[in-house]
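Each ligand, and each atom within it, is numbered from 1 in the order the structure gives.
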Amino acid sequence: MIRKVCVIGWPVAHSRSPLIHNYWIETHGIADAVYERLAVKPEDLAATVTRLGAHGFIGANVTVPHKEAAFAALSRHDAVAKRLKAVNTIVTTAEGLEGRNTDGYGFIANLKDRAAGWHADKGPAVILGAGGAARAICAALEDEGAPEIRIVNRTRARAEGLVRDLRLKAGRIYAGADAAAALKGAALLVNTTTLGMKGESEVTLDLDPLPKTALVTDIVYTPLETGLLRRARDRGHQTVDGLGMLLHQAVPGFEAWFGVRPQVTETLRALVLADMAGK
Ligand code: ATR
């Protein structure tokens, strides 16, 4: 029997998950596996997720805008998905379908991969934004031992909701105007907002208060070097782009579905970059 896995989104045409997983399927010589795109309207999401097996799928990835709805549709979750109330990976286990969330894992693995010696316990982390991606990243940074997590968001109430829902122990909220204070003494700066994405305006935050030793990263990867990363590089900061988070978040799902832990390599990175250049 063919082991089918899919990425569920709406729209889903832009997703690079099929490229990544089919590359690993090929390089590992897994002859009986295939990874597909599945465009699912919001009103059909719950039925699709709960009947994955009936449609011939052993697992799935879930992307925008379905991560929270997929959490709600499933009755079993791992600890991370439970904390985030969002699912990006679905696995068939002996007990049935289980929702997991590997976004935070992907974020941390990317930094460890691209910034040798980096560790979350080096100092306070500043997070720009308070959406779904920020939630996954804050939880992962706390789990990794970040001593303080400073959230800078345009809408203060949303940042408060994040700290409350995740029960962040060392979460501090900074309104947009206090951003300079947030940067003082920080060891990590992360952009999780859509600012800097192709066609959007850039992050305009003044980086002067940020110590030169701070690592700067962006989860936006189109373009690969956002205005924020360029400004940080010009100031002498070490920077890490967001493409690796996408690649690394795919690793635990592939391992759970097919029993092999795949590698994030320069070849895979180049493959995804070439695909992005062609679009
Ligand atoms: P995701 O789930 O990918 O994280 P999201 O939930 O839509 O996306 O969150 C987007 C984040 O980008 C939010 O923190 C949003 O700020 P608000 O909470 O104030 O809406 C932030 N964002 C988007 N556009 C922005 C802009 N023009 N200026 C500042 N922040 C912006």
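Atoms CG and CE, from Asp218 and Met245 in turn, are 11.0 Å apart once rounded to the nearest 0.5 Å. Of the inter-residue distances, the one linking Arg83 atom CZ with Leu166 atom CG reads 5.5 Å to the nearest 0.5 angstrom.
The side chain to side chain contact (heavy atoms under 4.5 Å, CB included) with Met197 is formed by just one residue from the set Thr226, Val220, Ile219, Asn191; it is Val220.
Closest non-hydrogen pair, Leu246 versus Gln249, comes out as O-NE2, 3.0 Å.
Note on ring orientation: taking the six-membered ring where Trp is involved, the planes of Trp257 and Tyr35 are tilted (angle from 30° to 60°).
For residues 99-121, no pair satisfies ring pair (Phe, Tyr, Trp, His ring centres under 6.0 Å), with sequence neighbours left out.
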For ligand 1, which of its N or O atoms have a protein N or O partner closer than 3.5 Å, and how long is each gap?
| unit_1 | atom_1 | unit_2 | atom_2 | d |
| --- | --- | --- | --- | --- |
| ligand 1 | 2 (O) | Gly132 | N | 3.1 |
| ligand 1 | 4 (O) | Gly132 | N | 3.2 |
| ligand 1 | 4 (O) | Ala133 | N | 3.0 |
| ligand 1 | 6 (O) | Arg158 | NH2 | 2.8 |
| ligand 1 | 14 (O) | Ala130 | N | 2.8 |
| ligand 1 | 14 (O) | Asn153 | OD1 | 2.8 |
| ligand 1 | 16 (O) | Asn153 | OD1 | 3.3 |
| ligand 1 | 18 (O) | Asn153 | ND2 | 2.8 |
| ligand 1 | 18 (O) | Arg158 | NH1 | 3.0 |
| ligand 1 | 19 (O) | Arg154 | NE | 3.0 |
| ligand 1 | 19 (O) | Thr155 | N | 3.0 |
| ligand 1 | 19 (O) | Thr155 | OG1 | 2.5 |
| ligand 1 | 20 (O) | Arg154 | NH2 | 2.8 |
| ligand 1 | 27 (N) | Arg154 | NH1 | 3.4 |

